[in-house]
Chemist: 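Here it is, the structure, as structure tokens.
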Amino acid sequence: MNKDITQKLGFICLSLCALITVFFLGTLIYFIVVRGAGAISWQFLTDVPRKFMTQGGVAPAIVGTFYLTLGSIMIALPLGLACAVYLCEYSPKSVVVNIIRISINNLAGVPSVVFGLFGMAVFVKFLGFGVSILSGCLTLAIMVLPSIISASQESLMAVPQSYREASLALGATQWYTIKKIVVPSALPGILTGVILSVGRVAGETAPILFTAGTFYMRGYPKSIFSEVMALPYHIYALMTEGAHPVAQTKIAYGCALILLILVLTVSTLAIFIRQKQRSMS
Amino acid sequence: MKIKNVTKFKENIYRGIFTILAFASLFFLLGITVILFKEGLPIFQKVSVFDFLFGRYWYPTHADAEFGILPIMLGSLWVTIGALGVCVPLGVGSALYIHELAGYTQKSVLKPLIEILAAIPSIVYGFFGMVIVAPFIQRTFHLSVGLNAFTGSLMLGIMATPTVCSIAEDALSFVPKSFREASYALGANRWQTLINVIMPAAGSGISTAIILGMSRAIGETMTVLMVCGGAAVIPHSFFQPVRPMTATIAAEMGEAVMGGAHYHALFAIGLILFLFTLVFNIIAEIISRRFRVKLGLGR
Amino acid sequence: MDEKVRMEIKNMNFYYGTKQALCDINIQVYRNRVTAIIGPSGCGKSTLIRLLNRMNDLIPHARIEGEVLLDGHNIYGPDEDVVDVRRKIGMVFQKPNPFPKSIFENVAYGLRVNGIKDRQYIRRKVEKSIKDAALWGEVKDRLNDSALALSGGQQQRLCIARALAVEPEVLLMDEPASALDPTSTSKIEELIQELKKRYTIIIVTHNMQQAARISDYTAFLMLGQMVEYDLTPKIFTNPAKKVTEDYITGRFG
């Protein structure tokens, strides 16, 4: 009897935990969707900010986020994939490789603001790229590099050894085997990793605070050496700078909604790809 | 013979390219450590390590500057502990719920949902905390400011909950079915089995989840920058504004003179932050490795 | 009998690190004959067959002594290209291992590997190889389906077709039927009988009846040593060594 009551109470507690979690996160999404929807219009998406960020749109921030995301993935993907291929396929299994693997995993947990510091010291200052799209892309690329390497490594290691053997036994060279068999088989996993990284890069603020971002721009960036607006940074700017809190908050809601939709779409896509791949194998 | 050599040559070229790219990545990643030390250590020519770590006053821009990061570290500690208070019960509780009570349909909705929520950018949490949660807290507790350590902890905790939940749920699902069956066969009910058999078996996996949640909380920047209030003083209660390490770096780096003492001090904070998270991650790695060995999953 | 030597294993020793896995192996493999390697599990028969097309190159810390001659050339010679060796000596593995590609692409892979681009030729060659592997009737209408959708036995015959497409001089088979049901197994055995007219085949098997049914020569390995090598009928009816007799009569196993 007593046993059953404990069980009932315990299960109620657990349900409560789940409920509170869902409630909190639900509230967050509810407020941002409802209030953000009021701010979004065609003009909001396509116009530049006007009257000290109280009117107009956020198009430069959307464009900026697009540039930063595209640029950093274009840098991080080839580097990360190559690193993973090297570690999984070319380098002999050894203690050194294991240490490298562990350090890469650890770097994935380093706070993003620390990457921002690194980017500022190296790209902005030492290499003299200044606060620019280029510095921002490089910093973000290095931030997601560990995740891309680990995701690619995991997928490469999941490719059955028998595929490699079959290909080599037919007289294929190692490079041909990697190109035609190993990487294509690992592609869904690699893709999932990359898409999740896209979501992360698009939403990150701290690394671009002092490497790429600017509060306010009337137009669009002209070259990779220009400063750039970005959605997450724009939210921060709207909430902490300027003299018109009410009007600015409304715009910030709009930005938050765009960002939310972007990131949720991207991660849903990633999870969908992974699910599909799992059901296939 | 000649063709063979060409193939071999090409193979070596590809191998070379991959080696170079791999070492370029490693070079960048290890470069972080080097840069943090290089830019952070010079501050210790100005203040001693002891004064830096345990100094009670952070006045980096004064004419007579002081660089004591104790209030800042305590700020981080405060909100991290607070965040754990939120994300451990919620995250682990939700994981147990999903594992034990949720039916198939609920599970197939909740699991991906939690994962998707883990991807929401921190700026969104920060923004939400600033415009909705902080005013609410201010009214509820009759405070002069809603932006304080409590609000910060709450937001960080909620933010880390999906991470903790998702990893803890993975750990629970790794526990072999036979454990559960053995327990049922001895007459234990579901709750007893869950608490006495499954939880302990997944214990180190759950610890890993908590440590990684903690590591996320301590390294989080935008949320704490926006909702913690930003006062660099030693906090005496949960309802005071604090300025954690990440927020200090983010807020002040824009104004610090490059190569000045303030600049180096901020890098030194970054270095300490880096070491903290490194230690957390290594502990998590060790525990999770033991977990796999314990359940016979291999490496 | 007038037999032509195709491959020859001479004084071979093989080590994993410091552990010796094979000890002074000598075997002559004859043209258009099926040579079976039998022995209790762990005796090194899989290790031995993998040495014959240098698959052991993939294993770190492995070391080999002695020679493996293919038509008089040492495949471990300093000038020998491993890729070339593997092209000449095909291999079928224990577990069917088709690539996650279409049936057609699986067989065409080996041709593409060798730089063949002529589509007409590839198409003809794929068809012929699948026919040779006695699989054509079952798959001719669905060549573009995934190879993973085939049954285990069909997958294994597909792997054989894939190996045949590159026209190897010798075909190595590492327990090709051990993962298959009896019907598929007998199909593979029939196929081997057919293939030996054109290829030299070396097969590892733990199934002695199978060795007796399909092979012309049999090598018996134990604990990394070659105990006996002779004509199959002789090994199975009148072995020279007591150990061999004990093994084939099932006194240990």
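Throughout, a chain's letter reflects where its sequence line sits, starting with A, and its residues are numbered from 1.
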Chemist: Grab the two heavy atoms, one from B:Y97 and one from A:L14, that are nearest each other, plus how far apart they are.
Modeler: CB-O, 3.8 Å
Chemist: Answer with side chain, backbone, both or neither: which region of B:F128 has an atom nearer than 4.5 Å to a non-hydrogen atom of chain A?
Modeler: side chain
Chemist: So, using side-chain hydrogen bond (donor to acceptor under 3.5 Å, both in side chains) as the criterion, who are the partners of B:Y125 when residues are at least two apart?
Modeler: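 None.
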Chemist: What option among A:F115, A:F272, A:Y253 has the most heavy-atom pairs under 4.5 Å with chain B?
Modeler: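 The residue among A:F115, A:F272, A:Y253 with the greatest pair count is A:Y253.
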Chemist: So what's closer than 4.5 Å to chain A heavy atoms on B:L36: side chain, backbone, both or neither?
Modeler: side chain
Chemist: So which of B:M226, B:K38, B:M159 has the biggest tally of heavy-atom pairs under 4.5 Å with chain A?
Modeler: B:M226
Chemist: Which bit of B:L90 comes within less than 4.5 Å of chain A, counting heavy atoms only: side chain, backbone, both or neither?
Modeler: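 Both backbone and side chain.
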Chemist: Non-hydrogen atoms of chain A under 4.5 Å away: do they reach the side chain of B:T246, the backbone, both or neither?
Modeler: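 Both the backbone and the side chain of B:T246 come within 4.5 Å of chain A.
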Chemist: At a 4.5 Å cut-off on heavy atoms, which part of B:E220 comes close to chain A: side chain, backbone, both, or neither?
Modeler: neither
Chemist: How close do A:Y176 and B:E11 get, heavy atom to heavy atom, and via which atoms?
Modeler: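 Minimum heavy-atom separation between A:Y176 and B:E11: N-OE2, 4.4 Å.
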Chemist: When rounded to the nearest 0.5 angstrom, what is the spacing between CG in A:L25 and CD1 in B:I114?
Modeler: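 CD1 of B:I114 is found 7.0 Å from CG of A:L25.
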Chemist: In terms of heavy-atom pairs under 4.5 Å, which option from A:K8, A:R35, A:K125 contacts chain B the most?
Modeler: A:K125
Chemist: Take the angle between the ring planes of B:F23 and A:Y86 and call it parallel below 30°, perpendicular above 60°, tilted in between.
Modeler: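 Aromatic pair B:F23/A:Y86 classed perpendicular.
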Chemist: Counting heavy-atom pairs under 4.5 Å with chain B, which one of A:V122, A:T240, A:T268, A:V131 comes out on top?
Modeler: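 Among A:V122, A:T240, A:T268, A:V131, the one with the most close pairs to chain B is A:T268.
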Chemist: Examine whether an atom of B:T161 lies under 4.5 Å from a heavy atom of chain A, and if so say whether it belongs to the side chain, the backbone or both; otherwise answer neither.
Modeler: side chain
Chemist: How would you list, in number order, the residues of residues 197-206 of chain A that have a heavy atom less than 4.5 Å from chain B?
Modeler: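 Residues of residues 197-206 of chain A touching chain B at under 4.5 Å: A:G203, A:T205, A:A206.
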Chemist: Could you give me the CA-CA distance, side-chain angles and deciding distance for A:M120 and B:E39, then say whether side-chain contact (heavy atoms from CB on, under 4.5 Å) is met?
Modeler: CA-CA 11 Å; A:M120 192 187 69; B:E39 299 284 355; over 6 Å; no
Chemist: Select all residues of residues 140-150 of chain A having any heavy atom within less than 4.5 Å of some heavy atom of chain B, and report them by number, or 'none'.
Modeler: A:I142, A:L145, A:P146, A:I149
Chemist: Heavy-atom distance under 4.5 Å to chain A: side chain of B:S25, backbone, both or neither?
Modeler: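 Answer is both: backbone and side chain atoms of B:S25 are under 4.5 Å from chain A.
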Chemist: Which heavy atom of A:S112 sits nearest to which heavy atom of B:T221, and what is that distance?
Modeler: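 Where A:S112 meets B:T221 most closely, the heavy atoms are OG-OG1, 4.3 Å.
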Chemist: Relative to each other, are the rings of B:F18 and A:Y90 parallel, tilted or perpendicular (30° and 60° limits)?
Modeler: tilted
Chemist: Quick one: of B:I17, B:V124, B:V86, B:I20, who has the most non-hydrogen atom pairs under 4.5 Å with chain A?
Modeler: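 Among B:I17, B:V124, B:V86, B:I20, the one with the most close pairs to chain A is B:V124.
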Chemist: Among A:G116, A:C13, A:P232, which residue has the highest count of heavy-atom pairs closer than 4.5 Å to chain B?
Modeler: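 Option with the greatest count: A:P232.
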Chemist: Against chain A, label B:I116 side chain, backbone, both or neither, depending on which of its atoms sit under 4.5 Å from a heavy atom there.
Modeler: both
Chemist: Which heavy atom of A:P111 sits nearest to which heavy atom of B:T277, and what is that distance?
Modeler: CD-OG1, 3.5 Å
Chemist: Pick one of side chain, backbone, both or neither for B:L113, based on which atoms fall under 4.5 Å of a heavy atom in chain A.
Modeler: neither
Chemist: Need one label for B:I132: side chain, backbone, both or neither, based on atoms under 4.5 Å from any heavy atom in chain A.
Modeler: side chain
Chemist: Chain B: which of A:V22, A:L19, A:V266, A:T27 shares the most heavy-atom pairs with it under 4.5 Å?
Modeler: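 That would be A:T27.
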Chemist: Heavy atoms only: give me the nearest A:V110-B:F274 pair and the separation to one decimal.
Modeler: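 In terms of heavy atoms, the two residues are closest at CG2-CE1, 3.5 Å.
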Chemist: Taking only residues two or more places apart in sequence, or in another chain, which ones meet B:R15 in a side-chain hydrogen bond (donor to acceptor under 3.5 Å, both in side chains)?
Modeler: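 Testing B:R15 for side-chain hydrogen bond (donor to acceptor under 3.5 Å, both in side chains), a comparison that skips the adjacent residues, returns none.
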Chemist: Side chain, backbone, both or neither: which part of B:F28 has an atom under 4.5 Å from a heavy atom of chain A?
Modeler: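 For B:F28, the contact with chain A is made by backbone and side chain together.
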Chemist: For B:S94 and A:T21, which I'm curious about, is there any donor-acceptor pair between the side chains at under 3.5 Å?
Modeler: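 Checked: B:S94/A:T21 side chains pair up, N/O donor to acceptor below 3.5 Å.
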Chemist: Does any heavy atom of chain A fall under 4.5 Å from the side chain of B:L110, the backbone, both, or neither of them?
Modeler: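 For B:L110, the contact with chain A is made by the side chain alone.
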Chemist: Check each atom of B:Y263 against the heavy atoms of chain A and say whether the ones under 4.5 Å are side chain, backbone, both or neither.
Modeler: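 For B:Y263, the side chain is the part near chain A, not the backbone.
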Chemist: Can you see which heavy atom on B:W191 is nearest to which on A:Q7, and at what distance?
Modeler: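 For B:W191 and A:Q7, the tightest heavy-atom pair comes out as N-OE1, 3.0 Å.
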Chemist: Relative to chain A, which segment of B:L225 carries a heavy atom at a distance below 4.5 Å: side chain, backbone, both, or neither?
Modeler: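 Contact with chain A involves the side chain of B:L225 alone.
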Chemist: Under 4.5 Å, counting heavy-atom pairs only, tell me which of B:L117, B:L278, B:L266, B:I269 racks up the most with chain A.
Modeler: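 Maximum pair count with chain A is reached by B:L117.
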